[in-house]
Amino acid sequence: MKKSLKRGLLALVALSGISGSAWAQALGTSSAQLKAGSWKALVYYQGVQDQALNFAVTGSGVCTGPSTITVVSFPCGSTGETKAEGSGGAVLLKLIFQPHEGFQYYLSAGAGDYSLRVASVSVVNSLTGDRPGFLYGAGARAVLVPDTLSAPGFALDASLSWQRYYFNELQPGRTAAQTQIDQRLDLMQTQVAVETGHLFKPLGWSVGVEPYGGVKWVRSQAWLKDLAGGGRVGGMKDAVTPFLGVELPIYEKEGLFAEASFLGGIQYAAGLNIRFK
């Protein structure tokens, strides 16, 4: 196994799972249903700051002792969790289509960056890259209870997303040469959200304010591959996080939205939505 693989992956070789809601998809819209045959476009920025991640170390995993070459190590037969944090941002386009009453379908795509900080026995390793990463997603939403003048609406949202990022620098490094890595991070996430919201429209106003919120369940599967040495590690973990958001219509069919969750770090999204037909 090459030195670059050892330096970048030894913090992960002994890992069997990764937890957290890193890059859980922002819903970007309330629980209200659209008119049958209409569709909606969202352009928004989605970011995450100090997103808490846990790496579950198992005694059956590969372990290392102290070394003059590697910058991280785990005692043989150790178990427990290693803390990590991720940060990044991306710009996305999301298209929502409602062919008939009750159900909506959507696709999303975007580009952004992501960095990962992994704690080891003695140092915190930071993996970064200068190439943009790409995000893709697809999902469906069922409006269980429509929003009315007297009661809020409820919706069930399910989606699948895929993200890919490249890392070419590891810090700290003993020498300038040892900071160079060539690794790829893939994240696949299954997300299910229960959402509620209500449109508050004062008498005489043409537009209103629509707060919404709910709970997301996210299953994260991650793989970190060394493109130079060929090694790959990864795992899977579940997480649950609440979220809050608000839609602020500007005109009849255009509006702004903002959404955030605060459990295990700060994740946020804000942008423009345009409704057609």
Side-chain angles (χ1 to χ4, degrees), residues 21-49 88-114 132-143 146-147 152-163 187 189-201 207-216 218 241-261 266-277:
S21 55
W23 287 120
Q25 290 196 76
L27 274 66
T29 185
S30 70
S31 57
Q33 68 180 22
L34 303 173
K35 294 181 180 180
S38 63
W39 60 285
K40 192 176 187 180
L42 284 70
V43 180
Y44 60 99
Y45 176 84
Q46 178 174 289
V48 63
Q49 181 178 353
V91 176
L92 294 102
L93 171 65
K94 185 175 184 178
L95 300 176
I96 305 173
F97 178 61
Q98 179 149 344
H100 49 76
E101 292 186 2
F103 278 92
Q104 299 173 2
Y105 304 92
Y106 57 84
L107 297 172
S108 63
D113 65 331
Y114 191 76
F134 297 96
L135 303 84
Y136 309 95
R141 172 193 296 258
V143 178
D147 185 21
F154 289 87
L156 181 65
D157 189 289
S159 63
L160 181 68
S161 65
W162 180 277
Q163 302 102 48
L187 295 170
Q189 292 181 317
T190 305
Q191 176 176 293
V192 177
V194 179
E195 180 186 15
T196 182
H198 183 63
L199 174 63
F200 294 92
K201 188 175 181 181
V207 296
V209 178
E210 195 166 2
Y212 62 90
V215 178
K216 301 176 186 176
V218 184
T241 177
F243 66 95
L244 293 172
V246 61
E247 284 197 66
L248 301 172
I250 303 174
Y251 300 106
E252 184 180 355
K253 295 185 178 181
E254 297 86 15
L256 303 174
F257 80 90
E259 183 177 318
S261 60
I266 301 174
Q267 183 171 332
Y268 52 91
L272 173 70
N273 60 59
I274 304 174
R275 181 167 50 87
F276 299 86
K277 189 179 178 181

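Side chains included, hydrogens not; waters and symmetry mates left out as well; all remaining heavy atoms used. Because the structure is predicted, anything quoted here is derived from the model rather than measured.
- At distances below 3.5 Å, at least one donor-acceptor pair connects side-chain atoms of Thr196 with backbone N or O atoms of Gly153.
- Panel note: side chain Glu195, backbone Asp157; no donor-acceptor pair is recorded below 3.5 Å.
- Side chain to side chain, Thr29 and Lys40 meet the donor-acceptor criterion of an N or O pair below 3.5 Å.
- For Ala155 against Arg141, the heavy-atom pair with the smallest separation is CB-NH1, 3.9 Å.
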Walk me through it: do Leu42 and Leu93 pass the test side chain to side chain contact (heavy atoms under 4.5 Å, CB included)?
-> CA-CA 6 Å; Leu42 284 70; Leu93 171 65; over 6 Å; no
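- Remark: the backbone N or O of Ala36 is not paired with any side-chain donor or acceptor of Glu101 at under 3.5 angstrom.
- Distance check, rounded to the nearest 0.5 Å: CZ of Phe134 to CG of Leu92 gives 12.0 Å.
- Contacts of Tyr106 classified as ring-ring contact (aromatic ring centres under 6.0 Å, His included), with partners at least two apart in sequence or in another chain: none.
- Taking both residues in full, the closest heavy atoms of Pro211 and Val209 are given as CD-O, 3.5 Å, listed atom of the first, atom of the second, then distance.
- Pairing each heavy atom of Val192 with each of Leu156, the nearest pair is CG1-CD1, 3.9 Å.
- Side-chain atoms of Thr190 and Val218, non-hydrogen and from C-beta on, never get closer than 4.5 Å to each other.
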Determine, stepwise, if the pair Gln46 / Gln267 fulfils side chain to side chain contact (heavy atoms under 4.5 Å, CB included).
-> CA-CA 8 Å; Gln46 178 174 289; Gln267 183 171 332; 4.2 Å; yes
Determine, stepwise, if the pair Ile266 / Val48 fulfils side chain to side chain contact (heavy atoms under 4.5 Å, CB included).
-> CA-CA 6 Å; Ile266 301 174; Val48 63; over 6 Å; no
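- Ring-plane geometry between His100 and Phe103 is classed as perpendicular, the angle between the planes exceeding 60 degrees on a 0 to 90 degree scale with a lower cut at 30.
- Proximity of a side-chain donor or acceptor of Ser31 to a complementary backbone N or O of Gly197 within less than 3.5 Å is detected.
- Proximity of a side-chain donor or acceptor of Lys94 to a complementary backbone N or O of Leu27 within less than 3.5 Å is detected.
- Here the closest heavy-atom approach between residue Phe243 and residue Ala193 is recorded as CE2-CB, 4.3 Å.
- Residues Pro152 and Asp147 approach most closely at CA-OD1, 3.6 Å, considering heavy atoms.
- Between Tyr44 and Phe257, the ring planes lie perpendicular to each other; the angle is over 60°, past the 30° to 60° tilted range.
- For Phe200, the ring-ring contact (aromatic ring centres under 6.0 Å, His included) test picks out His198, with sequence neighbours left out.
- Atom CH2 of residue Trp39 and atom CZ of residue Phe276 lie 4.5 Å apart, to the nearest 0.5 angstrom.
- A distance of 9.5 Å separates CD1 of Ile96 from OG of Ser108, quoted to the nearest 0.5 Å.
- Using a 4.0 Å cut-off between charged nitrogen and carboxylate oxygen, Glu247 and Arg275 do not count as a salt-bridge pair.
- Summarising the geometry of Leu135 relative to Ala90, their closest heavy-atom pair is CD1-CB, 3.7 Å, with the distance given to 0.1 Å.
- Remark: the backbone N or O of Gln25 is paired with a side-chain donor or acceptor of Gln191 at under 3.5 angstrom.
- Between the side chain of Gln98 and the backbone N or O of Leu34, at least one donor-acceptor pair lies under 3.5 Å.
- With sequence neighbours excluded, no residue forms a ring-ring contact (aromatic ring centres under 6.0 Å, His included) with Tyr268.
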